Visitor: 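One structure is given below, represented as structure tokens, and several questions about it will come after.
Quick caveat, the model's predicted, so the values are computed rather than measured. Quick note: residue numbers are just sequence positions, from 1. Only heavy atoms go into these numbers, but all of them, side chains included; no hydrogens, no water, no symmetry mates.
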Amino acid sequence: YNIWKAISKISLKTLNQLENIISNENNSKELRSAVASATLPCLPCVGIFLSTFVMIEEGNNPTVDKNSFNTIPKKLLALTLANENCFYSIKISNLLSESSDF
């Protein structure tokens, strides 16, 4: 018995759409697009951010030459963190500025 015959066409279509979204092809392009267009607040995919951090760190030299520090990776990390902060309705920076401990 083929179990897939028991599943409705609508459910199969939904499954195919979800499989497309979570595909690793093109550096998870569909998942990144879905997260970028999500209604806020939402929970971002932590794996995407961790993968981005690893790629930034491993894909860039820490120095340009013996006397120069490469700032591009740090700027990319900061930009990625800033983008993650946009997923929350309360900005982390607001919480820090309201706290007397910082």
Side-chain angles (χ1 to χ4, degrees):
Y1 181 75
N2 187 350
I3 193 150
W4 292 106
K5 290 180 181 178
I7 300 173
S8 73
K9 289 183 180 183
I10 293 172
S11 294
L12 284 174
K13 183 178 178 182
T14 301
L15 176 64
N16 288 333
Q17 290 171 339
L18 291 172
E19 286 177 338
N20 184 46
I21 289 172
I22 64 170
S23 170
N24 288 330
E25 289 188 30
N26 296 318
N27 195 20
S28 302
K29 178 182 176 183
E30 294 297 324
L31 181 58
R32 290 176 188 272
S33 177
V35 169
S37 63
T39 304
L40 301 179
C42 74
L43 292 175
C45 181
V46 176
I48 294 275
F49 287 105
L50 293 177
S51 296
T52 302
F53 293 157
V54 169
M55 285 188 289
I56 290 170
E57 285 294 316
E58 291 183 353
N60 293 283
N61 291 326
T63 57
V64 176
D65 57 39
K66 288 183 180 180
N67 301 319
S68 299
F69 181 72
N70 186 1
T71 60
I72 293 173
K74 302 308 175 201
K75 289 177 183 177
L76 291 171
L77 288 172
L79 181 62
T80 302
L81 287 171
N83 287 338
E84 182 179 2
N85 192 22
C86 76
F87 291 107
Y88 306 100
S89 58
I90 300 174
K91 298 287 186 187
I92 293 172
S93 57
N94 292 348
L95 294 175
L96 293 176
S97 65
E98 293 172 3
S99 175
S100 60
D101 295 337
F102 293 99

Visitor: Under 4.5 Å between any side-chain heavy atoms of Val54 and Leu50, yes or no?
Guide: no

Visitor: Surrounding CD1 of Ile72 (heavy atoms of other residues, nucleotides or ligands, distance under 6.0 Å), is the total greater than 12?
Guide: no

Visitor: Do Phe53 and Met55 belong together in a cluster built from hydrophobic side chains that touch within less than 4.5 Å?
Guide: no

Visitor: Is it the case that atom CD in Gln17 sees more than 12 heavy atoms from other parts of the structure closer than 6.0 Å?
Guide: yes

Visitor: Measure the spacing between CG of Asn26 and OG of Ser33 and express it to the nearest 0.5 Å.
Guide: 12.0 Å

Visitor: Is Thr14 reaching over with its side chain to a backbone N or O of Ile10, donor-acceptor style, under 3.5 angstrom?
Guide: yes

Visitor: To the nearest 0.5 Å, what is the distance between CG (Leu31) and CG (Leu18)?
Guide: 11.0 Å

Visitor: Could you pull out the closest heavy-atom pair between Ile56 and Pro73, with the gap in Å?
Guide: CG2-O, 3.4 Å

Visitor: Rounded to the nearest 0.5 Å, how far apart are CD of Glu57 and CG of Leu76?
Guide: 10.0 Å

Visitor: Enter the distance from Ile22:CD1 to Ser28:OG here, rounded to the nearest 0.5 Å.
Guide: 9.5 Å

Visitor: Roughly how far apart are Asn60 CG and Leu77 CG, rounded to 0.5 Å?
Guide: 8.5 Å

Visitor: Keeping the roles fixed (side chain from Asn16, backbone from Leu12), state whether a donor-acceptor pair exists under 3.5 Å.
Guide: yes

